[in-house]
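A short worksheet on the structure shown next.
Just so we're on the same page: letters track the sequence lines, and every chain starts at 1. These figures come from a predicted structure and were not determined experimentally.
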Number of protein chains: 2
Amino acid sequence: MSLPLRIIPLGGCGEIGKNMTAFEYGQNILLIDCGIMFPENDMLGIDFIIPDWKYLREKRDQIRGIVVTHGHEDHTGGLPYLLKDMPDLPVFATRLTRGLIEVKLRHHKVLDQARLQTIEAGGHLELGPFGLEFFRVAHSIPDGVGVGLTTPAGLVVHTGDFKFDHTPVDGKPTDFAKLAEFGGRGVLVLMSDSTNADQPGTTPSERVVDAAFTQVFSQAKGRIIVGTFASLISRVQQVANAAARHNRKLAFAGTSMLENVKMSQKLGYLDLPSDLIVRLEDTQRMPSDRVVIMTTGTQGEPSSVLARVAIGQHAQIKAERGDTVVMSAHPIPGNEEMVNRTINRLFQRGANVLYDPIAQVHVSGHASQEEQKLMLNLVRPDYFIPIHGELRHLRAHEALARQVGVAPQNIFVLENGYTVEFHEGEGRIGERVPGGYVYIDGSGVGDIGPAVLREREVLGRDGFIIAILHRDPDTGELIDLPEIISKGFIHPEDGEDVLSGATEVVTRLSSDPSLTDKALQDRIKDKLSEYVYHETKRRPMIIPVLS
Amino acid sequence: MSLPLRIIPLGGCGEIGKNMTAFEYGQNILLIDCGIMFPENDMLGIDFIIPDWKYLREKRDQIRGIVVTHGHEDHTGGLPYLLKDMPDLPVFATRLTRGLIEVKLRHHKVLDQARLQTIEAGGHLELGPFGLEFFRVAHSIPDGVGVGLTTPAGLVVHTGDFKFDHTPVDGKPTDFAKLAEFGGRGVLVLMSDSTNADQPGTTPSERVVDAAFTQVFSQAKGRIIVGTFASLISRVQQVANAAARHNRKLAFAGTSMLENVKMSQKLGYLDLPSDLIVRLEDTQRMPSDRVVIMTTGTQGEPSSVLARVAIGQHAQIKAERGDTVVMSAHPIPGNEEMVNRTINRLFQRGANVLYDPIAQVHVSGHASQEEQKLMLNLVRPDYFIPIHGELRHLRAHEALARQVGVAPQNIFVLENGYTVEFHEGEGRIGERVPGGYVYIDGSGVGDIGPAVLREREVLGRDGFIIAILHRDPDTGELIDLPEIISKGFIHPEDGEDVLSGATEVVTRLSSDPSLTDKALQDRIKDKLSEYVYHETKRRPMIIPVLS
């Protein structure tokens with residue numbers, strides 16, 4: 001008797017199925033990826049977000065393992081937290097991906113007990129009822145794979161992050177033959193990367209960045225500083241090649257980039273001549289036209305190397321007139337303003353800053369519309385589930401799938417936590433499970449919820465006013481004048497009138513000794529709020545304290 | 001004896017000379033534009049920003065007037081505040097611009113005493129030593145002008161916001177002949193719009209939007225909702241034309257859009273057949289395929305019509321399956337995330353959402369690189385001051401000016417408040433004057449400064465902890481247990497241990513009755529902060545209250 005196969009996208013903030021996907025067949029669960037996301041701008045104080053795997057927790061002993069498709073943060077970053085929850089969970093990854101995961105787990109002190117296993121593109125693996133075949137996909141990091149998942153309910157193809165780059169930096173294009181072979185075998189469901197589903201045409205090859213770098217390196221007179229993601233290993237190789245060609249030495253800034261580079265080099269995924277690399281501190285004594293520095297911080301994060309260089313607060317890197325800074329990454333949506341600010345500040349210091357569209361120093365790692373259609377036509381699935389994108393991207397991807405002939409009723413545009421069940425060749429939406437996300441703030445995992453965020457929003461927008469009252473416990477009368485403290489509400493000098501008015505309001509409200517403490521607090525909240533709004537059109541948080 | 005001419009870009013947040021520019025010759029000052037800007041994402045709680053005209057305040061009697069180049073918010077929105085400061089300042093604007101200013105001043109109850117005067121493209125005006133010639137510029141609103149400013153020091157050309165649209169919606173292209181004539185006469189300085197200086201090629205004509213609308217209107221089965229800026233009058237005309245062609249009725253939502261449309265129609269800048277327009281409430285009873293609604297909210301502002309439609313909280317507009325929403329505006333940098341969220345939510349309600357790059361339903365109103373070079377070559381100035389853009393745009397514009405042959409030392413890339421002086425044909429950077437911006441928060445103008453914003457940042461990121469202590473005034477000993485109140489810091493249940501730990505820390509610190517109140521408060525701030533960071537890696541604001 002066959003059972004239904006359940007597919008559940010889990011986690012991703014705004015994006016769907018980006019950070020984790022679960023496949024469930026009977027008492028067997030397989031996971032793909034476990035990444036982190038940047039918080040949105042109104043998730044105040046949140047450092048990042050991990051998938052909510054509440055649903056999986058009680059089914060721990062059914063989980064056969066987790067496959068990680070490639071070594072980028074948004075696919076690996078949640079693993080340390082997952083492995084704190086489920087220490088003995090087998091993790092399957094290709095050599096480079098595994099190496100980068102090791103770096104991460106070591107930081108979190110969970111490497112020792114981790115059960116990591118190496119897989120390879122072209123290889124296969126049996127896990128309970130699941131047969132896994134891994135196929136090469138080109139992306140902006142080497143050694144990425146997609147997964148062909150044979151289940152009793154049919155064959156599922158999960159692309160991971162991909163583009164159809166015919167000339168990738170590592171010379172290993174996406175495995176067209178394997179995709180076509182899946183197509184010939186008959187694919188029940190395709191799950192495919194939707195990131196660029198609103199971008200027409202084809203994403204340029206990583207090679208075009210080489211041309212841009214050649215131009216930059218030919219023209220630059222001073223130091224060259226290249227910003228990119230710490231895990232964009234292909235870009236590191238490209239910059240290293242350009243540096244070697246133009247007789248410059250290369251240094252790295254930022255721990256995460258340094259460690260990723262070391263690991264990639266050790267594993268043979270980065271080819272760096274031994275005399276090319278210098279230490280960051282050595283660059284200060286070298287002629288500036290002999291130096292390239294690679295660093296992180298292209299998202300404008302205030303604590304990043306590049307942001308500190310931009311405000312002149314990095315000990316070893318000074319950006320000066322004549323220097324060239326290359327922003328070799330696109331802003332993640334929501335980060336544009338901070339990125340632009342960093343660029344403007346670097347210009348202010350006299351550096352020349354190159355960024356797309358000024359120069360094509362970055363290309364996306366994700367397939368555009370023509371590639372997405374090619375994927376659909378190679379795999380020719382019965383069903384299609386667009387993943388890795390916001391709802392608008394999934395909808396655009398849905399439109400493409402219709403164009404290439406997937407039956408409209410066979411396309412499932414899901415949200416995180418929605419279940420699709422496939423049984424005897426038929427797919428349908430099933431029950432919904434918890435599929436949100438968990439906030440990481442400082443060392444806290446999930447101890448911040450919507451209520452705390454709402455408080456932060458109010459405090460961040462208009463600050464607060466505390467009114468401290470001393471009542472005589474016997475008579476209920478005020479013992480002395482209420483004390484008013486405010487922060488983030490108004491400049492104390494400009495606000496003198498408003499604040500002394502607030503004292504009067506509170507004093508007046510407190511003149512009725514028959515009010516209970518609770519009733520008085522409620523009245524102060526209402527009336528003081530009203531008064532303050534009338535005076536300032538602001539709504540600070542009002543906190544009456546009776547003591 | 002000739003005097004120096006001083007040019008001072010004032011105001012603009014991130015952008016330079018965007019919202020106001022001052023020209024000073026002897027005891028005579030002329031102003032161009034007075035606009036508002038959106039706050040940046042970390043200016044918490046700020047509604048918008050106006051230029052800081054501190055420098056002008058003491059020179060009020062030298063100011064001959066202000067010219068407003070066109071009717072967009074970022075060039076008109078500060079006027080009500082300026083006129084509250086300087087009620088009798090003459091304001092010069094073309095008919096439509098003046099009409100839109102009147103709408104704004106009426107709202108702020110400063111219309112009655114305002115001294116508005118109408119100018120026209122092709123016209124001229126003498127103001128003290130200044131001779132002003134106004135020339136037509138194409139932009140995304142009709143009746144925009146640039147200014148040719150003849151001064152004893154030479155001729156200055158200020159483009160305002162412009163593009164070289166050969167087929168603008170109102171049929172009135174930029175006045176090439178006048179620009180060439182200025183060039184022939186000899187131009188001392190060109191000040192030109194840099195907004196798109198990092199965009200190669202030519203900005204598409206507003207007409208391409210017509211083609212996109214035709215396609216949208218031909219295919220849409222249900223209601224069409226078009227979002228755009230309230231002052232994008234050309235777009236209103238285009239939507240009205242498409243509605244008429246496709247036998248739909250048009251309604252407007254949002255006061256600002258409604259009032260701008262009324263004024264533009266009254267003045268003859270909008271041609272709306274009388275049977276085309278219906279009231280918003282009437283659309284609810286009409287077949288949905290006969291309806292177009294135009295509205296504001298393309299920037300994702302939570303209180304806007306479109307954002308409320310997206311969360312299902314607009315009384316008269318419901319977005320449903322079959323409806324088409326057109327985002328006919330680009331996100332202003334910093335707003336991308338809120339815009340995307342609005343789009344995703346509209347998809348969630350079943351509507352189809354069209355936005356660039358899915359469909360070319362918006363084009364920029366600003367010149368791209370080829371147009372900027374054409375402007376430089378028409379005017380052939382001795383000096384060049386790129387304006388209207390962030391520093392990165394000004395630098396890109398500078399590079400273009402060098403390409404077309406402006407001497408590098410004759411290009412001034414300024415920041416707000418920097419002065420350039422021109423004397424006997426020579427330009428040089430002069431003194432710096434206050435040129436920042438003023439925050440508007442609720443009804444407060446400038447009562448929020450950096451200190452309050454820093455408090456909001458801390459509060460928004462990690463909340464606060466208040467520790468209330470009662471000391472015996474005589475002995476300095478604690479009378480009872482300290483009271484700890486926290487908001488925005490941690491979920492009270494999850495944080496129980498941390499908060500009771502905080503009580504212990506405060507109690508222990510207070511055990512020394514010899515400490516002065518001040519010393520005790522300082523110690524609580526330090527030690528409680530340390531304790532909380534150790535436990536949570538967060539830094540809430542610590543407020544000790546001794547009472």
Side-chain angles (χ1 to χ4, degrees), chain A residues 14 40-41 44-45 198-200 333-334 336-338 340-341 343-344 347-348 352-353 355 357-358 390-392 395-396 415 441-444 446-449 451-452 455-464 466 468 470 483 485 487-491 494-495 535-538 541 543 545 547, chain B residues 14 40-41 44-45 198-200 333-334 336-338 340-341 343-344 347-348 352-353 355 357-358 390-392 395-396 415 441-444 446-449 451-452 455-464 466 468 470 483 485 487-491 494-495 535-538 541 543 545 547:
Chain A
E40 304 195 344
N41 279 324
L44 296 174
D198 57 7
Q199 300 294 322
E336 292 86 351
E337 195 176 84
M338 295 304 281
N340 292 343
R341 194 183 293 180
I343 294 174
N344 288 327
F347 270 121
Q348 230 166 5
N352 186 27
V353 189
Y355 58 97
I358 293 278
E390 301 171 27
L391 192 50
R392 62 199 179 105
R395 286 289 174 201
E415 294 186 45
D441 178 7
S443 58
D447 63 349
I448 303 285
V452 175
E455 290 172 358
R456 288 183 182 178
E457 194 199 323
V458 172
L459 291 169
R461 196 178 52 224
D462 286 330
F464 67 78
I466 305 175
I468 303 170
H470 304 276
E483 191 175 352
I485 299 173
K487 295 281 176 191
F489 162 56
I490 202 165
H491 194 281
D494 296 307
E535 294 297 309
T536 64
K537 297 281 180 292
R538 293 174 205 163
M541 187 183 280
I543 306 152
V545 178
S547 68
Chain B
E40 305 197 340
N41 278 324
L44 296 174
D198 58 6
Q199 301 294 321
E336 292 86 351
E337 194 175 85
M338 295 304 282
N340 291 344
R341 194 183 291 181
I343 293 174
N344 287 328
F347 270 121
Q348 230 167 4
N352 187 27
V353 189
Y355 58 98
I358 293 279
E390 301 171 28
L391 193 51
R392 63 198 177 105
R395 286 288 174 203
E415 295 187 45
D441 178 8
S443 58
D447 62 350
I448 304 285
V452 174
E455 290 172 358
R456 288 183 181 178
E457 195 200 323
V458 173
L459 291 170
R461 196 177 53 221
D462 287 330
F464 67 79
I466 305 176
I468 302 170
H470 306 275
E483 192 176 352
I485 300 172
K487 297 281 178 190
F489 162 56
I490 201 166
H491 193 281
D494 296 307
E535 294 296 310
T536 64
K537 299 279 180 292
R538 294 175 203 161
M541 187 183 280
I543 306 151
V545 179
S547 68

Selection from N352(A), T536(A), N340(A), I358(A) maximising heavy-atom pairs under 4.5 Å formed with chain B
N340(A)
Looking at every heavy atom in both N41(A) and L44(A), which two are closest together, and how far apart are they?
O-CD2, 3.8 Å
With chain B as the partner, which of V458(A), V353(A), V545(A) has the greatest number of non-hydrogen pairs under 4.5 Å?
V545(A)
Any side-chain heavy atom of R456(A) within less than 4.5 Å of one from I448(A)?
yes
Best-contacting candidate, E415(A), Q199(A), R341(A), against chain B by heavy atom pairs under 4.5 angstrom
R341(A)
Pairs of heavy atoms under 4.5 Å with chain A: top-ranked of P200(B), G334(B), P357(B)
P357(B)
Distance in Å, D441(A) CG paired with H491(B) NE2, rounded so as to fall on 0.5 Å steps
14.0 Å
Please verify the inter-ring angle class for F464(B) with F464(A); under 30° counts as parallel, over 60° as perpendicular, anything in between as tilted.
tilted
Which value, rounded to the nearest 0.5 Å, describes the distance between D198(B) atom CG and R392(B) atom CZ?
5.5 Å
Contacting region of Y355(A) [heavy-atom separation from chain B under 4.5 Å]:
side chain
Output for pair (H470(B) NE2, H470(A) NE2), nearest 0.5 Å, gives 7.0 Å
Max heavy-atom pair count under 4.5 Å with chain A, selected residue of K487(B), E40(B), E337(B):
E337(B)
For the candidates I490(A), N344(A), I485(A), I543(A), which exhibits the highest count of non-hydrogen atom pairs separated by less than 4.5 Å from chain B?
N344(A)
So which of R538(A), K537(A), M541(A), R461(A) has the largest heavy-atom pair count under 4.5 angstrom toward chain B?
R538(A)
With a 4.5 Å cut-off on heavy-atom pairs, point out which of E535(A), Q348(A), E457(A) contacts chain B the most.
Q348(A)
